[in-house]
**Q** 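Quick one: this structure, given as structure tokens, is what I'll be asking you about.
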Amino acid sequence: MKGSDEKGIAPVVGTAVTIFIVFILAGLVSSAFFEEYGVSSYKGSPAAKLQIQFTEDETSLEFEHSGGDQLFF
């Protein structure tokens, strides 16, 4: 009876270790593969300094670019 309890644990432990190794290897391979894409696509957030005022007749707004990144319309 003593031997029958110990036989059932080995396949479970082996399967768990195999799954763990597969996940670790998949993470290492994907991080090495996608490393180039992450660095080159990061450019930072754009920032611009704007001053917004009403026109003299108060019917529209004027936007003045005071610095920072270039704005495209």
Side-chain angles (χ1 to χ4, degrees):
M1 290 275 202
K2 186 178 179 184
S4 64
D5 290 340
E6 294 175 4
K7 289 182 183 179
I9 295 176
V12 174
V13 171
T15 302
V17 169
T18 303
I19 291 172
F20 177 73
I21 290 172
V22 167
F23 275 111
I24 295 297
L25 289 175
L28 290 173
V29 168
S30 64
S31 67
F33 181 73
F34 291 115
E35 180 181 8
E36 179 181 329
Y37 295 110
V39 173
S40 64
S41 65
Y42 177 73
K43 296 180 182 176
S45 300
K49 184 177 179 182
L50 296 174
Q51 292 183 355
I52 305 169
Q53 301 173 2
F54 279 105
T55 57
E56 290 181 15
D57 59 359
E58 296 186 359
T59 58
S60 59
L61 293 172
E62 284 184 353
F63 293 87
E64 181 181 344
H65 184 255
S66 303
D69 293 333
Q70 184 177 3
L71 299 176
F72 299 100
F73 295 100

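Since the model is a prediction, treat every value here as computed from it, not as a measurement.
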**Q** Are Val17 and Ile19 connected into the same hydrophobic cluster when the rule is that any two of I, L, V, M, F, W, Y join if their side-chain heavy atoms are below 4.5 Å apart?
**A**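 Different hydrophobic clusters.
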**Q** Hey, is the main chain of Ala47 close enough, under 3.5 Å, to the side chain of Asp69 for a donor-acceptor pair?
**A**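 Here the side-chain-to-backbone pair exists.
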**Q** Between Gly27 and Ser30, what is the shortest heavy-atom contact and its length?
**A**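 Where Gly27 meets Ser30 most closely, the heavy atoms are O-OG, 3.1 Å.
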**Q** Measure the spacing between CD of Glu56 and CD of Glu62 and express it to the nearest 0.5 Å.
**A** 8.0 Å
**Q** According to a 4.5 Å side-chain heavy-atom criterion applied to Ile, Leu, Val, Met, Phe, Trp and Tyr, with indirect links allowed, do Ile21 and Val29 form part of one hydrophobic cluster?
**A** no
**Q** Any side-chain heavy atom of Leu50 within less than 4.5 Å of one from His65?
**A** yes
**Q** Please go through Leu28's hydrophobic cluster and name the other residues, only I, L, V, M, F, W, Y counting, with side-chain heavy atoms under 4.5 Å joining them.
**A**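 When side chains under 4.5 Å apart are linked, the cluster holding Leu28 also contains Phe20, Ile24.
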**Q** Atom CD in Gln53, atom CZ in Phe63: separation rounded to 0.5 Å?
**A** 11.0 Å
